[in-house]
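Pasting a structure below so you can have a look.
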Amino acid sequence: MNKSFTVLTAGILLGACGTSTAPAPEPETQVVESFTPGTPVPPKAGMQVEEVSAAPEPASEYTKYEGTLPAADAAGIKTTLILFENGRFALDETYIGRDASFTQVGTYTRQGDIITLQAEEDTPRYYQLGSDTATLLDQDKKPVQGELAPYYTLKKVNE
């Protein structure tokens with residue numbers, strides 16, 4: 001997937017994480033009638049000035065896995081799994097050769113090397129984490145068996 005998916009997903013997850021009971025106070029603004037780029041604008045008396053960096057802070061640290069998983073009714077499922085450090089995840093699945101794409105967000109827990117993904121109103125999914133892989137497990141938390149078993153593994157993406 002591309003970075004726009006990552007940024008969009010991070011925005012969705014961060015928006016869902018924070019709740020506020022009271023609206024934030026409106027910052028005091030200063031109207032400047034004439035402005036020349038590169039010229040500093042002196043603040044109004046009593047106004048606090050805060051320097052702002054042009055480079056945005058990363059939304060959250062995360063680990064990203066990508067790969068193509070087997071599908072019964074398509075050429076495969078292009079899959080991107082993002083695990084955020086705050087215990088949230090985003091899972092994007094696009095069926096190759098079909099007009100079908102699904103994105104789920106939710107929380108995950110980890111026990112040893114097995115993570116459990118829990119999206120709202122969905123059956124949990126299980127992955128076994130390796131040093132650079134995430135392997136989809138069956139509902140009994142066991143590796144998939146058979147000739148397609150090696151294809152159920154996503155690879156870590158270094159960005």
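Residue numbers count from 1 along this sequence.
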Can you name the nearest heavy-atom pair linking T80 to K64, along with the distance?
-> CG2-CE, 3.7 Å

Mind checking whether I115 and F89 have side chains closer than 4.5 Å, heavy atoms only?
-> no

The single option from L91, T79, L83, V157 passing side chain to side chain contact (heavy atoms under 4.5 Å, CB included) against Y65 | L83

Same cluster (ILVMFWY, side-chain, under 4.5 Å), L69 and V144 | yes

Residue pairs involving residues 139-156 (criterion side-chain hydrogen bond (donor to acceptor under 3.5 Å, both in side chains); sequence neighbours excluded) = T135-T153

Distance in Å, D122 CG paired with L117 CG, rounded so as to fall on 0.5 Å steps |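 Here the interatomic distance stands at 9.5 Å.
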
Supply the atom-to-atom distance F84 CZ to Y108 OH, rounded to the nearest 0.5 angstrom.
->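 Going from CZ on F84 over to OH on Y108, the span is 9.5 Å.
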
Please step through side chain to side chain contact (heavy atoms under 4.5 Å, CB included) for the pair T107 and R88, ending with a clear verdict.
-> CA-CA 4 Å; T107 58; R88 309 247 336 135; 3.5 Å; yes

Value rounded to 0.5 Å, distance of CG in L154 from CG in D132 |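 Reported to 0.5 Å precision, the distance equals 12.5 Å.
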
Enter the distance from I96:CD1 to S101:OG here, rounded to the nearest 0.5 Å.
->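 Going from the CD1 atom of I96 to the OG atom of S101 covers 11.5 Å.
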
How long is the span from the CG atom in D92 to the CD atom in E66, to the nearest 0.5 Å?
-> 9.5 Å

Euclidean distance, T116 OG1 relative to Y127 OH, rounded to 0.5 Å |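 Those atoms lie 12.0 Å apart.
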
